[in-house]
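Along the sequence shown, the residues carry numbers beginning at 1. Order of appearance sets the numbers: ligands from 1, and atoms from 1 within every ligand.
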Amino acid sequence: MYTAEMRELIKKVEATRSKRLGVHFARMTPEEKENVLQENHPDYKEQCFRKLAVGANKGSKVPVELADLIEAKSRLENVKLDLNRVHYDIDVLIIGGGGAGASAALEAHNQGAKVLIATKLRMGDANTMMAEGGIQAADKPEDSPAQHYIDVMGGGHFTNKKELVSTLVKDAPGVIKWLNDLGVMFDKEHDGTMVTTHGGGTSRKRMHAAADYTGAEIMRVLRDEVVNRGIEVAEFSPAVEILLDKNGKAAGAVLYNLETEEYLIARAKTIIITTGGAGRLHYQGFPTSNHYGATADGLVLAYRIGAELAFADAIQYHPTGVAYPPQIFGALVTEKVRSLGATPLNCDGEQFVYHLETRDVSSAAIIRECNIKNKGIDTPTGVKGVWLDTPLIEMIHGEGTIQKRLPAMLRMYKKFDIDMRKEPILVYPTLHYQNGGLLIDENGQTRVENLYVAGEAAGGIHGRNRLMGNSLLDILVFGRRAGAHAGAKSREV
Ligand code: MEZ
């Protein structure tokens, strides 16, 4: 929903953008052409996005670790702001436009709150969109929230905050029902019951999926709901600083409009941070499965005003990032592939880890196999990997299973003319998820009054290691809770 004023601005920006790029390209000097080509190179874009991370000042070095951002000077240090000029005056400000942000917005809206979602890129440009495998919930008679609780705690090596895990598993069946009622097309049997499968580290079949594009399907439905309700969204407008009132309570944020390069003041009664993860910081030089905007923004914003971080050092490597074929290097091979029976094998064709091991164990085993035992497989690009034996899937489940259960992956492979049943897929761990984050309570509240966090930016739920499918779950459980609580609180003030 753009205001007339914003539409005008967008037109202006579009006009200057086409002048800068396509239209005059033919008339450019070789040096100018080189600059344009460089600007459109994916690596260049990557660097630009990293420079946009909160705390990364113009002209400062590209951040490599969270500490670089946390310790950096404020982007506003040399900016003159008129705090009396309020651009958005709302009840609930939600910073981040993924699944957590959208579900928080819907629940805050249910409380009668006036809501604004401010997002760095577009609504739905988020890790939610990239989540392939599924969402966990113990909603079958042979399963129980208690069993789910034990699995989540075990996966996190019992470092998790118990009360958060308890909330997660108890709310889970209700979340699936909510999504189903909203129109998410979950995989179902002919009689209408949900199909559920195993994931790494889970003792029961409780993964609910929409083929291998579950996150995209959930985001489609949530985004439609946000639009249909007329909830305002400020796109390309990341928050760069949270504002506190004189009593130290969160009271708004400064947004930076990437199109107009203006700083905008959003005054709010409560604020929910839902900015997601940090994969695009490429810690230790690892590739990542994350979307471009995942640069730890929420952690920096909230930490600077006194919120507490938990397990911020516990980063999850997804064991099966693509090492080969090179056309799709770094892309994620969903864990669903392993849950269907695909097995990692070393250069001698030996299985060296149980195929449904947790991600920390599987990733460590692959790294060890390649770098210590020297049993990895060299690829033409110089990257090592292990073989993920996908033909096994058809042997176990019958011909046609790959088409039926992994259509998005098959489409990606087809685009590059690769037959995933014939070409060897080599995998190596890729940065996937921030296990820790900002410490919250059961309603997403931080220790800073009026400041809430939900989704990947929150910490404590998964302890030091998350199990597959519990992220799509936690963004919705705690997104909805934070939205309802912050919405109600904003109406009291
Ligand atoms: O929860 C996840 O991270 C997930 C389901 C990823 C995947 O492998 O598809």
Side-chain angles (χ1 to χ4, degrees), residues 98-100 126-137 148 151-152 155-156 168 172 175-176 179 184 186-187 195-202 205-219 276-279 287-291 294 314-322 328 330-344 355-363 366 388 390 393 402 405-412 425 427-437 455-456 458 461-463 465-478:
N127 282 346
T128 306
M129 200 73 182
M130 329 274 285
E132 297 169 30
I135 171 167
Q136 296 215 36
H148 190 179
D151 288 345
V152 176
L168 180 83
V175 160
I176 299 292
L179 291 174
V184 170
F186 283 115
D187 296 344
V195 172
T196 48
T197 55
H198 268 298
T202 60
K205 289 185 176 175
R206 67 171 73 97
M207 193 69 63
H208 300 64
D212 58 345
Y213 45 81
T214 314
E217 170 62 6
I218 291 175
M219 198 67 239
T288 184
S289 60
N290 286 190
H291 82 115
I315 304 299
Q316 177 164 88
Y317 294 89
H318 193 298
T320 57
V322 175
I328 46 170
L332 192 68
V333 178
T334 171
E335 190 165 320
K336 189 159 192 170
V337 172
R338 283 193 295 139
S339 71
L340 287 169
T343 304
H355 72 290
L356 283 184
E357 258 304 352
T358 54
R359 289 181 180 170
D360 52 350
V361 172
S362 296
S363 294
I366 294 172
L388 192 64
T390 42
I393 294 176
I402 290 184
R405 308 283 278 273
L406 303 164
M409 179 160 295
L410 213 62
R411 243 195 336 270
M412 173 174 79
I425 304 175
V427 293
Y428 194 77
T430 185
L431 267 178
H432 183 59
Y433 185 76
Q434 174 181 275
N435 292 306
E456 197 171 339
I461 306 156
H462 309 289
N465 182 59
R466 176 179 67 82
L467 297 183
M468 173 193 188
N470 282 330
S471 173
L472 277 182
L473 176 61
D474 96 50
I475 64 175
L476 301 172
V477 165
F478 293 98

- prompt: Which one of Thr202, Leu467, Leu473 satisfies the side chain to side chain contact (heavy atoms under 4.5 Å, CB included) criterion with His148?
  reply: Leu473
No-hydrogen, no-angle side-chain donor-acceptor test under 3.5 Å, His462 and Asp474: yes
message: Please determine whether side chain to side chain contact (heavy atoms under 4.5 Å, CB included) holds for the pair Gln136 and Val152, giving the CA-CA distance in whole Å, both sets of side-chain angles, and the decisive distance to 0.1 Å.
response: CA-CA 10 Å; Gln136 296 215 36; Val152 176; over 6 Å; no
task: Please list, by chain and number, the protein residues whose heavy atoms come under 4.0 Å of ligand 1.
output: Glu132, Gly133, Gly134, His318, Thr334, Glu335, Arg359, His432, Arg466, Met468, Gly469
message: Go through it in stages, so that I can follow the logic: the residues are Ile135 and Leu179, the test is side chain to side chain contact (heavy atoms under 4.5 Å, CB included), and I'd like the CA-CA distance, side-chain angles, deciding distance and then a yes or no.
response: CA-CA 11 Å; Ile135 171 167; Leu179 291 174; 4.1 Å; yes
Which donor-acceptor pairs under 3.5 Å do the side chains of residues 331-342 make with protein atoms, sequence neighbours left out?
residue: Thr334; atom: OG1; partner: Lys336; partner atom: N; Å: 3.1
residue: Glu335; atom: OE1; partner: Arg338; partner atom: NH2; Å: 3.4
residue: Glu335; atom: OE1; partner: Arg359; partner atom: NE; Å: 2.5
residue: Glu335; atom: OE1; partner: Arg359; partner atom: NH2; Å: 2.9
residue: Glu335; atom: OE2; partner: Gly200; partner atom: N; Å: 2.8
residue: Lys336; atom: NZ; partner: Ala211; partner atom: O; Å: 2.8
residue: Arg338; atom: NH1; partner: His355; partner atom: O; Å: 2.9
residue: Arg338; atom: NH1; partner: Glu357; partner atom: O; Å: 3.3
residue: Arg338; atom: NH1; partner: Ser362; partner atom: OG; Å: 3.2
residue: Ser339; atom: OG; partner: His198; partner atom: O; Å: 3.4
residue: Ser339; atom: OG; partner: Lys336; partner atom: O; Å: 2.8

- prompt: Have Asp360 and Gln316 got a donor and an acceptor in their side chains that come within less than 3.5 Å?
  reply: no
